[in-house]
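Presented below is the structure to which this report refers.
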Amino acid sequence: MSLLVPRSPTSTSDWIRCPLAYTLKREWRPRGGIWTPNQLLGTAIGDGLSELYRGGSDPEEVVRRALSEGYIPNDTWELSALVKLALRGYERASQEELHREGDVLMVDEPLPSRARPDLVQRTPHGIVVTDTKVTLKGGFRYVDEYFTSHQLFHYAWEVGEVLGEPVKWCRIHLISLTPLQTLLHPIEIRPERLALWLEGAKKVWEEMASDAPTARFTGCQTRYGPCEFRDACHVLDLDPDRIESVYERVPLRS
Ligand code: SF4
């Protein structure tokens with residue numbers, strides 16, 4: 001029997017959405033996409049908080065550096081405005097001092113599957129995993145969706161495996177930049193629900209190891225918009241020469 005290889009939450013979620021999208025995403029990306037700062041703001045604030053949780057001396061400098069390294073010049077967003085926005089978000093989130101709520105065991109440390117929970121602590125309530133999420137705007141509309149988050153249950157399972165003791169709670173530390181507000185949203189990890197999740201996750205990991213990627217039309221149009229490969233599948237018929245007119249190759253990761 002082959003050894004089961006757990007995949008990261010992002011890879012697994014991509015496969016669940018559509019195995020073909022999972023494969024295409026590793027090879028192609030749309031040409032000339034409009035750059036938006038959402039992901040960079042999340043990275044910069046997350047890096048600053050990690051520095052704070054590790055006891056680093058200048059987390060704000062870490063926020064500034066992450067922004068200037070990842071910034072792409074554009075006509076809509078000035079770097080100085082993004083720095084201001086990110087620092088406000090960082091400052092608000094840091095005031096909650098989550099790292100003081102228990103012993104810090106891991107900060108943004110890669111697990112065997114390459115998943116990286118932001119903060120793992122031993123607290124009076126048991127082992128707690130915290131994941132930081134930053135939204136540029138929109139507040140906390142979708143917070144209830146985290147109750148069944150694949151990513152959080154993956155963290156709970158893998159951190160439990162690595163530490164040899166169960167994770168009791170996962171929580172989302174939500175940071176909204178406009179309006180500026182934060183929310184701590186805890187989800188209890190009951191062993192029964194974790195076992196249910198693991199049964200399903202193992203099945204997907206088995207598929208990922210053995211099955212050829214196939215199309216899953218339920219992922220073509222979601223409430224977040226169309227799949228980025230809709231043209232590749234439904235107009236260009238997956239012909240690499242034609243795909244190249246609309247998409248560009250993703251550089252190989254070193
Ligand atoms: S357009 Fe549909 S079939 Fe094609 S990759 Fe996206 S989700 Fe899969």
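Just follow the structure's listing: the first ligand is 1, and inside any ligand the first atom is 1. Numbers for residues simply follow the sequence, beginning at 1.
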request  = Tell me, please, which residues at least two apart from Glu206 pass side chain to side chain donor-acceptor pair (under 3.5 Å).
outcome  =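 In terms of side chain to side chain donor-acceptor pair (under 3.5 Å), with neighbours along the sequence ignored, Glu206 is linked to no residue.
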inquiry  = My understanding is that only residues two or more places apart in sequence, or in another chain, count here; which of them pass side chain to side chain donor-acceptor pair (under 3.5 Å) with Glu199?
reply    =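 Scan of Glu199 (side chain to side chain donor-acceptor pair (under 3.5 Å), adjacent residues dropped) gives none.
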inquiry  = Does this structure show an ion pair linking Arg29 with Glu228, if we count only N-O contacts that are shorter than 4.0 Å?
reply    =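 Glu228 and Arg29: not salt-bridged.
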task = Could you go through the side-chain hydrogen bond (donor to acceptor under 3.5 Å, both in side chains) check for Gln181 and Arg92 one step at a time?
result = CA-CA 8 Å; Gln181 50 187 346; Arg92 173 64 71 92; over 6 Å; no
ask   = Under the 3.5 angstrom rule, does the side chain of Arg249 hit a backbone N or O of Glu244 as a donor-acceptor pair?
value =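 Checked: no pair found.
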Hydrophobic cluster of Trp169, others only, ordered by chain and residue number, side-chain cut-off 4.5 Å =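 In the cluster with Trp169 are Val128.
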ask   = Protein N, O or S atoms less than 2.8 Å from atom 8 (Fe) of ligand 1, ignoring waters?
value =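 Correct list: Cys18 SG.
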key: Proximal atoms of ligand 1 relative to Arg230 (non-hydrogen, under 4.0 Å)   =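 Atoms satisfying the 4.0 Å criterion: 1 (S).
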